[in-house]
Amino acid sequence: MPDHLPTDSVGIVTPQTLHFDTPITLACDRTLESYDLVIETYGALNADASNAVLICHALSGHHHAAGYHSKEDRKPGWWDSCIGPGKPIDTNRFFVVSLNNLGGCHGSTGPSSTNPQTGKPYGPDFPVITVRDWVHSQALLADRLGINCWAAVVGGSLGGMQALQWSLDYPDRIRHAVVIASTPRLSAQNIAFNEVARQAITSDREFHDGRYFEHNTLPRRGLMLARMVGHITYLSDASMGEKFGRELRDQAYKFGYDAEFQVESYLRYQGERFSESFDANTYLLMTRALDYFDPAYEHDNDLAKALLLARCEFLVLSFSTDWRFTPARSQELVDAMISARRKVSYAEIDAPWGHDAFLIPTPRYTAIFESYMDRVAREVDV
Amino acid sequence: MRTDLKIIEQWISPGSHVLDLGCGDGTLLDYLQREKRATGFGLEINPDHITTCMSRGVSVIEQNLDTQGLGNFEDHTFDTVLMTQALQAVRRPDVVLDEMLRLGREGIVTFPNFAYWRLRWYLVRRGRMPESETLPYKWYNTPNIHLCTFKDFEALCYRKDFRILNRTVVDGEHQDHWLSRLWPNMLGQIAIYRITREGS
């Protein structure tokens with residue numbers, strides 16, 4: 001944390017764990033008898049509970065979206081740039097709820113949690129969770145918090161898919177869906193990258209068919225590779241070029257295969273750090289949830305038909321250099337919304353950082369996000 | 001309120017689904033939403049205008065008519081397709097007009113009249129490309145790459161078999177004036193046309 005708390009920070013925040021006793025049946029037809037969801041909230045819920053905003057996280061995200069956990073915290077939450085007093089998701093006006101999704105590895109029940117039936121970690125026995133399951137569990141969370149209707153459900157990437165799914169599954173419980181740097185379904189290329197990541201993990205000798213905890217080990221190498229390949233898809237050629245170019249760690253080539261280029265050592269460092277803090281089974285689960293997401297599938301592959309279910313208004317944003325979920329994918333979503341006569345606004349934001357741009361504030365991104373959320377707030381009189 | 005909005009409003013039936021090409025800051029759509037319970041979208045490329053639209057609750061899509069066209073919209077999606085003061089700035093006005101009447105039952109177009117007497121006089125007297133309050137650009141940096149006269153526009157409509165349902169000619173402040181009704185192509189500054197393909 002900086003010496004003095006910035007005035008636009010939500011400050012020191014404490015996560016809470018909510019326990020759910022009612023069994024939840026999942027898309028895979030399996031049931032979780034009970035589960036925990038870890039959440040953080042920022043701001044205050046108003047009297048008629050109309051000012052609540054749900055933040056949905058992306059692949060490796062979690063509940064800690066804004067503020068600091070302690071004074072010793074080096075970095076704030078993952079979307080601190082957009083959540084706080086006076087920021088686009090203004091905590092002076094909104095009650096913001098951020099959770100770690102089911103299947104995650106930051107405190108909510110997931111593959112690394114203890115299976116009450118065996119007393120051991122679930123590991124590979126944890127059911128595959130879909131975006132729809134997440135939205136279902138988030139609706140149960142809303143019930144628990146006394147929120148009947150979200151002013152907005154907001155998310156980037158995989159988080160945007162959850163916002164979209166919300167609009168279809170609970171049309172009366174969401175006023176606005178903000179879908180950022182997302183896509184209505186993964187392309188073959190997207191799935192291919194996920195498959196490389198999964199193969200990296202499952203072919204690690206320490207993976208032990210997902211039961212690495214029981215062998216007192218971790219598939220670090222596999223998870224590191226998975227993250228390295230994923231990380232490349234989050235950046236753009238230009239931003240990597242800008243950051244690293246062909247810069248070497250030393251003066252000259254060494255004619256060997258160690259990390260000689262800066263970009264190599266950066267990727268290795270990022271991968272290693274990630275492999276210490278993230279659960280491999282959760283990574284498999286999250287990538288699978290991405291692969292399976294396809295709301296049009298149940299509607300004759302007609303996205304516009306699926307969107308006829310929605311009642312909310314949409315804001316769709318894409319970033320010019322995002323090649324993971326390109327602006328064309330967002331436009332595909334927007335076109336379906338237009339065809340279904342849903343209310344939608346769309347902008348393509350010029351930003352050099354590839355897919356990661358949704359986490360980085362730029363003047364235009366902030367201005368659009370701010371003015372849209374300002375209107376959402378005015379609509380619910382806050 | 002702007003006079004052109006008042007004129008356009010008369011031609012929009014309540015509850016219409018409208019598309020506004022080059023919707024600017026969304027003033028017109030906002031007005032039609034409130035006064036006519038209209039629904040629909042605006043297309044715009046100016047970032048500041050897009051932001052303003054979003055903050056006033058006008059659905060706006062960032063889309064460039066010249067480079068992206070309107071191919072993403074299905075036939076007969078709208079009751080009315082509007083384009084105010086943008087026809088002269090697109091690369092192919094004829095194609096855009098065709099598209100407007102593919103997407104909508106009716107089209108409403110406003111554009112400046114290049115045959116307005118002041119512009120004629122400017123050209124005659126100075127021998128240089130006219131500049132005016134409505135056309136404040138130099139020939140080399142103007143966004144208005146396809147200026148035309150009312151006569152030109154009507155000739156195009158005739159060629160394309162469009163029917164002109166209404167035409168209102170106004171001055172630079174969008175005021176109706178008896179003089180511009182007398183001799184529109186000489187005395188009118190801006191025209192508001194309502195066109196359709198039906199029944200023609």
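No experiment lies behind these values; they were computed from the predicted model shown. Below, chains carry the letters A, B, ... as their sequence lines are ordered, and counting in each starts from 1.
Within 6.0 Å of CZ in B/Arg34 there are more than 12 heavy atoms belonging to other residues, nucleotides or ligands. B/Arg92 CZ: 12 or fewer foreign heavy atoms inside a 6.0 Å radius. Heavy atoms of other residues, nucleotides or ligands lying less than 6.0 angstrom from NZ of B/Lys160 number more than 12. The environment of CD in B/Glu35 is crowded: more than 12 heavy-atom neighbours from other residues, nucleotides or ligands sit within 6.0 Å. Within a 6.0 Å sphere centred on CZ of B/Arg125, other residues, nucleotides and ligands contribute more than 12 heavy atoms. For A/Asp237, the CG atom counts as loosely surrounded, since its 6.0 Å shell holds 12 or fewer non-hydrogen atoms of other residues, nucleotides or ligands.
B/Ile50 touches chain A through its side chain: at least one heavy atom from C-beta onward sits under 4.5 Å away, while N, CA, C and O do not. Heavy-atom distances place the side chain of A/Leu315, and not its backbone, under 4.5 Å from chain B.
B/Arg56 and A/Glu379 are not joined by a salt bridge, as no carboxylate oxygen comes within less than 4.0 angstrom of a charged side-chain nitrogen.
Remark: B/Ser59 OG to A/Tyr346 OH distance equals 15.0 Å, nearest 0.5 Å. B/Phe41 CZ to A/Ile338 CD1: the interatomic distance, rounded to the nearest 0.5 Å, is 5.0 Å. Taking OG of B/Ser55 as the reference point, atom CZ of A/Arg375 lies at 9.0 Å (rounded to 0.5 Å). Going from atom OG1 of B/Thr51 over to atom CZ of A/Arg364 covers 6.0 Å, rounded to the nearest 0.5 Å.
Shown here for A/Ala347 and B/Met54, the closest heavy-atom pair between the two residues is CB-CE, 4.2 Å.
Of the possible polar contacts, one joining the A/Arg341 side chain to the B/Thr77 backbone as a donor-acceptor pair under 3.5 Å is found. Of the possible polar contacts, one joining the A/Ser345 side chain to the B/Val60 backbone as a donor-acceptor pair under 3.5 Å is found. At least one donor-acceptor pair under 3.5 Å links the side chain of B/Glu62 to the backbone N or O of A/Glu348.
Most heavy-atom pairs under 4.5 Å with chain B: of the set A/Val344, A/Val376, A/Asp350, A/Ile368, this distinction falls to A/Val344.
Side-chain contact between A/Gln331 and B/Gln68: present, with at least one pair of heavy atoms (C-beta onward) separated by less than 4.5 Å.
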